[in-house]
Amino acid sequence: MINLSEATRNLSSSLSQEILEDVLSELISVIEYELDVHIEYINGDNSYWVPTPDYEIEEGEPFGIIEIGDDQSTFLKIVAFAHEVGHCIFHREGTFRTIDCALFRESAAWYLGYHFMQEHGYFIDIEEYNKEAAYAIDLYRRSENARDAK
């Protein structure tokens, strides 16, 4: 595992590409180990967490797959990765797992992912993180409103 200095653990889009790539590589190792998920790159600019069905987890399958869209900046990959980690934590924790409100799940995932990163020493610039979270949540809100209008 790469030992990054404290300065590089304060993550923002202004860090060099090389540092951000090192951070992302380290994060992938940490998350795969701690949350028992696989990380894969996919084409496009969206990222997803695909849970393993509960009945397959008992068979030694990973807890799911986090797919990171490869068509975005490395910093945005880190932000999206944090969000998808939040989904994984939300699903694993289970307290609110049965809530069917997409806005609640998405908001909780943004919150949980950010705090997971902080707990592990990765401090994503909160203004940049909030900007991405607000944009994504607004898209979900619009999507929900469009669905309700039908």
Side-chain angles (χ1 to χ4, degrees), residues 1-97 99 102-143:
M1 187 177 302
I2 301 165
N3 287 322
L4 299 172
S5 71
E6 287 302 312
T8 62
R9 291 200 176 228
N10 293 312
L11 307 175
S12 72
S13 59
S14 64
L15 286 175
S16 75
Q17 184 70 14
E18 182 180 358
I19 290 172
L20 290 170
E21 287 172 2
D22 287 346
V23 168
L24 182 57
S25 177
E26 185 177 275
L27 280 170
I28 288 171
S29 295
V30 168
I31 301 307
E32 284 183 328
Y33 176 77
E34 288 211 16
L35 298 179
D36 191 27
V37 296
H38 288 288
I39 313 303
E40 299 176 356
Y41 286 100
I42 59 171
N43 292 329
D45 59 359
N46 288 320
S47 298
Y48 306 94
W49 177 63
V50 182
T52 300
D54 290 338
Y55 65 88
E56 289 183 16
I57 292 174
E58 295 175 8
E59 298 171 6
E61 290 293 319
F63 193 62
I65 299 170
I66 293 178
E67 299 177 334
I68 302 172
D70 63 358
D71 192 20
Q72 54 191 332
S73 73
T74 305
F75 178 73
L76 289 181
K77 286 177 188 172
I78 291 169
V79 169
F81 191 42
H83 171 68
E84 298 312 323
V85 164
H87 278 295
C88 185
I89 294 167
F90 182 88
H91 189 77
R92 182 178 297 247
E93 208 287 322
T95 303
F96 299 108
R97 195 172 178 184
I99 292 179
L103 287 174
F104 180 83
R105 287 192 316 271
E106 290 302 318
S107 297
W110 282 103
Y111 174 83
L112 292 168
Y114 186 82
H115 285 281
F116 180 91
M117 295 300 174
Q118 277 192 325
E119 289 169 3
H120 288 78
Y122 301 95
F123 299 92
I124 301 171
D125 181 277
I126 191 63
E127 288 181 20
E128 290 184 90
Y129 193 83
N130 282 342
K131 178 182 171 189
E132 295 304 318
Y135 175 74
I137 290 169
D138 187 53
L139 288 178
Y140 277 101
R141 182 186 55 77
R142 291 174 191 232
S143 172

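Quick note: numbers below take in every heavy atom, side chains included, and nothing from hydrogens, waters or symmetry partners. None of the values given here were measured: they were computed from a predicted structure.
With rounding to the nearest 0.5 angstrom, the CD1 atom of I137 is 9.0 Å from the CG atom of N130. From L112, atom CG reaches atom SG of C88 across 10.5 Å, with rounding to the nearest 0.5 Å. Here I78 contributes atom CD1 and L20 contributes atom CG; the two are 5.0 Å apart, rounded to the nearest 0.5 Å. Atom-to-atom distance recorded for L24:CG and F81:CZ is 6.5 Å, nearest 0.5 angstrom. Between the NZ atom of K77 and the CG atom of D71 there is a distance of 8.5 Å, given to the nearest 0.5 Å. Of the inter-residue distances, the one linking S143 atom OG with D138 atom CG reads 11.0 Å to the nearest 0.5 angstrom.
Among the candidates I66, I65, T52, V50, the single residue satisfying the side-chain contact (heavy atoms from CB on, under 4.5 Å) test with V37 is I66.
At least one donor-acceptor pair closer than 3.5 Å links the side chain of D70 to the backbone N or O of G44. A donor-acceptor pair under 3.5 Å links the side-chain atoms of E84 to the main chain of W49, judged by distance alone. R105 contributes no side-chain N or O that, together with a main-chain N or O of H87, makes up a donor-acceptor pair within less than 3.5 Å. Under a 3.5 Å cut-off, the side chain of S107 and the backbone N or O of L103 do form a donor-acceptor pair. Y140 places no side-chain N or O within donor-acceptor distance of the main-chain N or O of A102, the cut-off being under 3.5 Å. Checked by atom type and distance alone, the side chain of H120 pairs as donor or acceptor with a backbone atom of F116 at under 3.5 Å.
Note: Y129 and W110 have perpendicular aromatic rings, judged against thresholds of 30 and 60 degrees for the angle between ring planes. Between Y111 and H115, the two ring planes are tilted [angle within 30° to 60°].
Within the 4.5 Å cutoff, no side-chain heavy atoms of D125 are placed close to those of N10. With contacts defined as side-chain heavy-atom distances shorter than 4.5 Å, the pair Y41/E67 does not qualify. V79 has its side chain out of reach of E128: every pair of non-hydrogen atoms, C-beta onward, lies at least 4.5 Å apart. By the 4.5 Å heavy-atom criterion applied to side chains, L15 and F75 are not counted as neighbours. Using a 4.5 Å heavy-atom threshold, the side chains of L11 and Y122 count as touching.
Minimum interatomic distance between Q72 and D45 (heavy atoms only, all atoms of both residues): OE1-O, 3.7 Å. The minimum heavy-atom distance linking H91 with P51 is given by the pair NE2-CB, 4.1 Å. The two residues S47 and I68 have their closest heavy-atom pair at OG-CA, 3.4 Å. Here the closest non-hydrogen pair linking F96 and F90 is O-CZ, 3.5 Å.
Donor-acceptor pairing under 3.5 Å is lacking for the side chains of H83 and E132. Checking S16 against E18 by side-chain atom types alone, no donor-acceptor pair falls below 3.5 Å.
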| message | Could you go through R92 and R97, starting from their C-alpha distance and side-chain angles, then the distance that decides it, and tell me whether this counts as side-chain contact (heavy atoms from CB on, under 4.5 Å)? | response | CA-CA 8 Å; R92 182 178 297 247; R97 195 172 178 184; over 6 Å; no

| query | Yes or no on side-chain contact (heavy atoms from CB on, under 4.5 Å) for F123 and M117, after CA distance, side-chain angles and deciding distance? | reply | CA-CA 7 Å; F123 299 92; M117 295 300 174; over 6 Å; no

